[in-house]
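The structure displayed is predicted, hence computed values, not measured ones. The first residue of the sequence shown is numbered 1, and numbering continues consecutively from there. Hydrogens, waters and symmetry mates play no part in the numbers below; they use all other heavy atoms, side chains included. Read the numbers this way: they start at 1 and go in the same order the structure lists the ligands and their atoms.
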Amino acid sequence: MNCKRLLLLSFLTIIFFTNSSAQQKPNVIIINADDLGYGDLSCYGATKIHTPNIDKLAASGIRFTNAHSSAATCTPSRYSLLTGKYAWRKNGTGILPGDAALIIPTDTLTLPKVFKQAGYATAIVGKWHLGLGNTVEKNWNEPVAPGPREVGFDYSFIFPATADRVPTVFLENQTIVGLDKTDPINVDYKQKVGNDPTGKENPELLKLKSSPNHGHDQTIVNGIGRIGYMTGGKTARWTDEELSFTFLSKAKTFINKNKQQPFFLYYALNQPHVPRMPATMFKDTSGLGYRGDVIVELDWCVGEIMKELTYLGLNKNTIIIFTSDNGPVLDDGYQDEAVTRSNGHKPAGPFRGGKYSIFEGGTRMPFIVSWPGNIRPGTSDALVCQVDFLASFAGLFKEDITAFKSDSKDVLNALLGKDKKGRNYLIEQAGALAVIKDNWKYIAPNNLRPYAELTATELGNAPVPQLYDLSNDIGETNNAANQYPEKVKELEGLLQQERSK
Ligand code: NG6
Ligand code: CA
């Protein structure tokens, strides 16, 4: 062989190996919906709502029936997903206002950092709600740090908190998008700033009225009253009807840019969180009002991502995990007909309670893992939690995280359908804490209110120990604590042990 041919051959070999080793690592997309319940998808038994794209994802993967978020509200749930730690161990991890400081320490290992160490490009597109910057007071008109980048995301396109909290703007790589510097943004959660109309003073300007006594009557943006006050930044404010398209297009761009190398995308959808304001093409498509319509919209977004992966030839080498951050709620602050038009739809499926609740409705999540060609489709009742992503992917990449103190368990085999059990037990968090182990569920006694009037939620709190045998009482209606004192003791012991860690 002459010298030139040898050179060419070695060059081709290098290209081949670089490419093939990159190809071997699967891309990972975690799609996290906001306030979507176990019963909100047709593949989980919904009959009044149709979610054909997510159903297709489920049919190509594993549909979990005993999978959980670690908390029944957004901030602690998302904190756990990204840090691998239970949020109840740390103060200040409750639902954050839109001007909060970052609550994830920048020197801790996180899920995106696990991917980065394995050579992945990482991104978050969607809802953040974990705080930004080091302080509450901050200049929103300059790049804000620390934030997603310091937590491990190479690229971020987010909104800071929730769709019902100011500032109602997007940040790309921690800089507000489309801001006119001559009209600076000012945000305040204590008092009104500037002269923007508020829902309280100018209800006649609202296109979506807030529910009585829920608040959501401060600064009006796009005809919707929000929590918190803001002024300025008129060109940067979002239009709610475009939220899903904006996030979807940024997610697709990230996928396209990184199609040649392994990537991790955390796609944090905001549907069906309030305010529910679907794009026009989805209005009145579900028959259940805007809550149903934004679920149809969410399903469409998932379908578009799947189509894009197929178009790029990445569908076989991409793991998609679809789940939600906490259970469902109908009236969470706006008069959007979610209650009056629910038509018998059961957003939490067979479970009791919902968002905010320590009953299963609060944290038992829709949860689908798809990896075409690599996992056998089916259902699994293995006990898994979003807090486990960190250790499971570290396991996949053979990263040694033994020195890292966390609550995350390597349940990779369960996620891939090879293990039917999952974790031994799990601590769930709402106001109170609960333990779920085998088919038993124990809720620690507490003095919190049992019922939230505003959202009509059974919170699951009681001053006495509660024990439910989920094998024949999935709806947690029959407290069996007196019947099984030993079981109560065992599970209370586990809880104490976890608390003292
Ligand atoms: C609550 C809001 C609710 C929602 C929730 C956060 C009131 C009365 N209700 O405090 O509308 O924004 O916070 O939801 O203010 S979460 O999914 O981000 O946790
Ligand atoms: Ca939520």
When you measure from atom 13 (O) of ligand 1 to every protein heavy atom, which one gives the shortest distance, and what is it?
-> Arg165 NH2, 3.1 Å
With heavy atoms only and a cut-off of under 4.0 Å, state how Asp332 meets ligand 1: side chain, backbone, both or neither.
-> both
Kindly confirm or rule out an N or O of Thr73 lying under 3.5 angstrom from an N or O of ligand 1.
-> no
Atom 16 (S) of ligand 1: closest protein heavy atom, distance to 0.1 Å, is Cys74 CB, 3.1 Å
Starting from atom 8 (C) of ligand 1, which protein heavy atom do you reach first, and at what distance in Å?
-> His214 O, 3.1 Å
Between Phe264 and Tyr120, does the ring centroid distance fall short of 6.0 Å?
-> no
One finds that the ligand 1 atoms under 4.0 Å from a non-hydrogen atom of Asp34 are 17 (O)
In plain terms, say whether Asp388 and Arg423 are close enough for a salt bridge, that is, a side-chain N and a carboxylate O under 4.0 Å apart.
-> yes
Test: Arg291 and Glu297 ion pair at under 4.0 Å = no
Note: ligand 1 atoms sitting under 4.0 Å from heavy atoms of Asp35 are 17 (O)
Any N or O on Thr75 sitting closer than 3.5 Å to an N or O of ligand 1?
-> no
Electrostatic pair Asp154-Arg149, nearest N-O below 4.0 angstrom = no
Salt-bridge test for Lys192 and Glu201: reply yes if a basic N is under 4.0 Å from a carboxylate O, no otherwise.
-> yes
Is it true that Asp336 and Arg276 make a salt bridge, defined as a side-chain N closer than 4.0 Å to a carboxylate O?
-> yes
Numbered in order shown, the ligand 1 atoms found under 4.0 Å of a heavy atom of His129 are 18 (O)
In ligand 1, which numbered atoms sit nearer than 4.0 Å to a non-hydrogen atom of Thr162?
-> 18 (O)
What atoms of ligand 1 come within less than 4.0 Å of a heavy atom belonging to Asn326?
-> 17 (O)
Show your working on ring pair (Phe, Tyr, Trp, His ring centres under 6.0 Å) between Phe170 and Phe247 and close with a plain yes or no.
-> CA-CA 10 Å; Phe170 300 112; Phe247 286 146; 5.5 Å; yes
Ligand 1 atoms nearer than 4.0 angstrom to some heavy atom of Ile227 are 15 (O)
Got a sec: is Asn326 within less than 3.0 Å of the Ca ion (ligand 2) via an N/O/S atom?
-> yes
Heteroatom of Asp35 nearest to the Ca ion (ligand 2) (N, O or S, atom name) = OD1
N-O pairing of Arg89 and Glu498 below 4.0 Å | yes
Salt-bridge test for Lys501 and Asp407: reply yes if a basic N is under 4.0 Å from a carboxylate O, no otherwise.
-> no
Honestly, for Arg226 the part within reach of ligand 1 (heavy atoms, under 4.0 Å) is neither
Heavy-atom nearest neighbour of atom 9 (N) of ligand 1 within options Lys355, His273, His216 | His216
Of all N, O or S atoms in Asp325, identify the one at the shortest distance from the Ca ion (ligand 2).
-> OD2
Considering the heavy atoms of Asp164, write down every atom of ligand 1 situated less than 4.0 Å from one of them.
-> 3 (C), 4 (C), 11 (O), 12 (O)
Is it true that Tyr356 lies under 4.0 Å from ligand 1, counting heavy atoms only?
-> yes
Is any side-chain heavy atom of Tyr79 closer than 4.5 Å to a side-chain heavy atom of Ser70?
-> no
Which single N/O/S atom of Asp34 lies at minimum distance from the Ca ion (ligand 2)?
-> OD1
Pair Arg237-Asn222, side-chain hydrogen bond (donor to acceptor under 3.5 Å, both in side chains): steps then yes or no = CA-CA 8 Å; Arg237 297 180 182 196; Asn222 189 32; over 6 Å; no
Identify whether the distance between the nearest side-chain nitrogen and carboxylate oxygen of Lys441 and Glu360 falls below 4.0 Å.
-> yes
